[in-house]
**Q** 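Below you'll find the structure I mean.
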Amino acid sequence: MPQVTVENLRKTFKIAERDPGMWGAVKGLAVRRYRTVHALDGIDFTLEPGELVGYIGPNGAGKSTTVKVLAGILVPTSGKVDILGRVPWKDRIEHVRGIGVVFGQRTQLWWDLPVIESFDLLKDIYNVPSDAHRATRDRLIDLLSLKEFLDTPVRQLSLGQRMRCDLAASLLHSPAMLFLDEPTIGLDAISKLAVRDFIKEMNRRNGVTVILTTHDMDDIEALCDRIMVIGSGKILSDGTLEDLRAKVKRERRLVVHLAHDGMDIEDPDAEVVKREGNQVQLRFDPEVISAPNLISRIASKYPVRDLFVENPPIEEVIAKLYREME
């Protein structure tokens with residue numbers, strides 16, 4: 001049985017507009033002009049318990065709006081949402097007991113309090129029994145390596161430290177679902193790896209269902225088995241990463257390290273897309289020529305030191321899908 005059911009979900013906003021300059025401001029006082037934005041335009045999907053889903057799209061596509069509706073923060077214009085038998089915006093108190101939410105550009109911690117005191121306040125807000133809170137808190141502190149700055153006021157934490165604390169805070173009440181909106185934005189490489197490892201661990205060990213919105217395609221490749229792509233308020237694609245690549249174009253890359261710099265490679269069934277020193281990257285369609293046949297032809301004609309086959313970067317796949325959408 002699905003844990004989340006979304007049917008024909010729509011959310012529209014009316015945005016006031018005015019002409020630039022002083023005259024535009026004066027004119028706007030007398031005559032209001034509005035523009036209607038369809039942030040969500042009839043989206044449908046279901047989530048099974050324990051799924052880890054990447055939810056991606058360009059800025060303004062509707063990602064954060066979807067998360068806010070599912071979290072009960074926004075009321076949709078129309079449509080149906082059922083999460084564990086509850087309607088998020090109608091059953092808010094019961095609903096928030098079963099979910100955790102992390103917004104990468106906001107914090108749910110108290111700015112001037114030490115981290116540990118924020119954790120204790122959240123225990124009281126969610127009415128978590130003391131023994132259960134202590135056990136969960138200590139496990140999260142250990143998993144996210146928070147011990148060294150538990151007594152530090154939140155405002156003095158680095159961005160990476162604060163994000164790890166926000167992740168712990170979102171899970172103190174042991175929710176069944178976790179909504180992550182840009183959780184690695186602005187983080188350095190080490191902090192990103194720590195956050196990714198933690199998300200993967202919570203999903204696999206505790207079966208927490210995760211919806212991850214991000215612009216970082218490395219997050220998607222490292223974490224997500226299923227990817228939903230949204231654009232202009234509509235779901236454009238829903239499937240695995242391989243499904244997404246195949247939907248745009250069935251393409252592979254052959255990366256060849258030549259024995260000497262400055263050499264050119266030509267093949268009628270492949271196109272050179274990049275050259276760096278003695279490394280040449282070729283694009284080919286495996287339905288036109290198989291990888292073994294292309295490798296055999298290249299190796300027989302050119303002095304090759306090394307070569308390997310890879311998929312095109314996920315950023316290129318997503319960018320192409322956006323262009324086709326436009």
Side-chain angles (χ1 to χ4, degrees), residues 2-4 6 9 40 43 45-74 81 83 88 98-108 140 143-144 159-160 162-171 175-189 191-231 235-245 313-315 317-318 321-322:
Q3 190 174 31
V4 177
V6 175
L9 189 63
L40 299 176
I43 65 171
F45 63 85
T46 60
L47 298 181
E48 298 296 329
E51 283 198 89
L52 203 169
V53 180
Y55 194 46
I56 61 176
N59 290 328
K63 303 185 301 298
S64 293
T65 301
T66 305
V67 170
K68 288 174 182 176
V69 170
L70 296 182
I73 298 170
L74 285 179
V81 176
I83 300 180
I99 66 168
V101 184
V102 176
F103 291 101
Q105 301 183 59
R106 297 178 180 86
T107 183
Q108 59 189 308
L140 290 169
L143 285 171
L144 285 163
L159 179 58
R162 182 177 65 75
M163 283 308 308
R164 282 150 57 195
C165 291
D166 265 311
L167 273 170
S170 70
L171 292 161
M177 289 201 65
L178 185 60
F179 299 107
L180 302 176
D181 191 14
E182 300 282 358
T184 61
I185 190 169
L187 300 189
D188 58 57
S191 296
K192 280 188 179 183
L193 289 175
V195 169
R196 284 178 197 158
D197 288 344
F198 176 74
I199 294 169
K200 190 181 297 184
E201 177 74 8
M202 292 305 296
N203 173 252
R204 290 180 178 175
R205 177 189 288 186
N206 296 355
V208 177
T209 304
V210 181
I211 296 181
L212 169 67
T213 79
T214 182
H215 287 290
D216 190 326
M217 293 301 106
D218 289 336
D219 288 347
I220 294 296
E221 288 196 282
L223 294 172
C224 301
D225 298 320
R226 176 183 172 191
I227 301 170
M228 295 192 296
V229 182
I230 185 172
I235 300 293
L236 305 177
S237 176
D238 185 354
T240 65
L241 182 57
E242 290 307 313
D243 292 337
L244 180 59
R245 286 193 169 105
I314 183 61
E315 290 88 347
V317 176
I318 299 300
L321 186 64
Y322 293 167

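Numbering of residues begins at 1 and proceeds along the displayed sequence.
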**Q** Looking at Leu178 and Val101, what are the two nearest heavy atoms and their distance?
**A** CD1-N, 4.3 Å

**Q** Side chains of Gln3 and Thr209 only: does a donor on one sit below 3.5 Å from an acceptor on the other?
**A** yes

**Q** Which heavy atom in Asp166 sits nearest to a heavy atom in Val102, and how many Å separate them?
**A** O-CG2, 3.8 Å

**Q** Let me confirm one number: the CD1-CZ distance from Ile73 to Phe103, rounded to the nearest 0.5 Å.
**A** 4.0 Å

**Q** Mind running side-chain contact (heavy atoms from CB on, under 4.5 Å) on Asp238 and Arg226 for me, showing each step along the way?
**A** CA-CA 7 Å; Asp238 185 354; Arg226 176 183 172 191; 2.9 Å; yes

**Q** Considering non-hydrogen atoms only, spot the tightest contact between Arg196 and Ala222 and give its length.
**A** CD-CB, 4.1 Å

**Q** Are the side chain of Lys63 and the backbone N or O of Tyr55 linked by a donor-acceptor pair below 3.5 Å?
**A** no

**Q** Could you report the tightest heavy-atom contact between Ala71 and Pro88, atom names first, then the distance?
**A** C-CB, 4.3 Å

**Q** Suppose we screen for side-chain contact (heavy atoms from CB on, under 4.5 Å). Which residues come up paired with Leu159, at least two apart in sequence or across chains?
**A** Arg162, Met163, Leu187

**Q** Hey, could you give me the CD1/CG distance between Ile220 and Leu241, rounded to the nearest 0.5 Å?
**A** 9.0 Å

**Q** Sub-3.5 Å donor-acceptor pair from the side chain of Arg164 to the main-chain atoms of Leu144, do we have one?
**A** yes

**Q** Apply side-chain contact (heavy atoms from CB on, under 4.5 Å) to Pro2 and list each qualifying residue two or more places apart in sequence or on a separate chain.
**A** Thr5, Thr46, Glu48

**Q** Starting at CD1 of Ile99, measure out to CZ of Phe179 and round the result to the nearest 0.5 Å.
**A** 5.0 Å

**Q** Please give me the minimum heavy-atom distance between Pro175 and Gly100, naming the atom from each residue.
**A** CB-N, 3.6 Å

**Q** Compare every heavy atom of Val6 with every heavy atom of Ile43, then report the nearest pair and how far apart it is.
**A** O-CG1, 3.6 Å

**Q** Does Asp181 reach the main-chain N or O of Thr213 with its side chain, forming a donor-acceptor pair under 3.5 Å?
**A** no

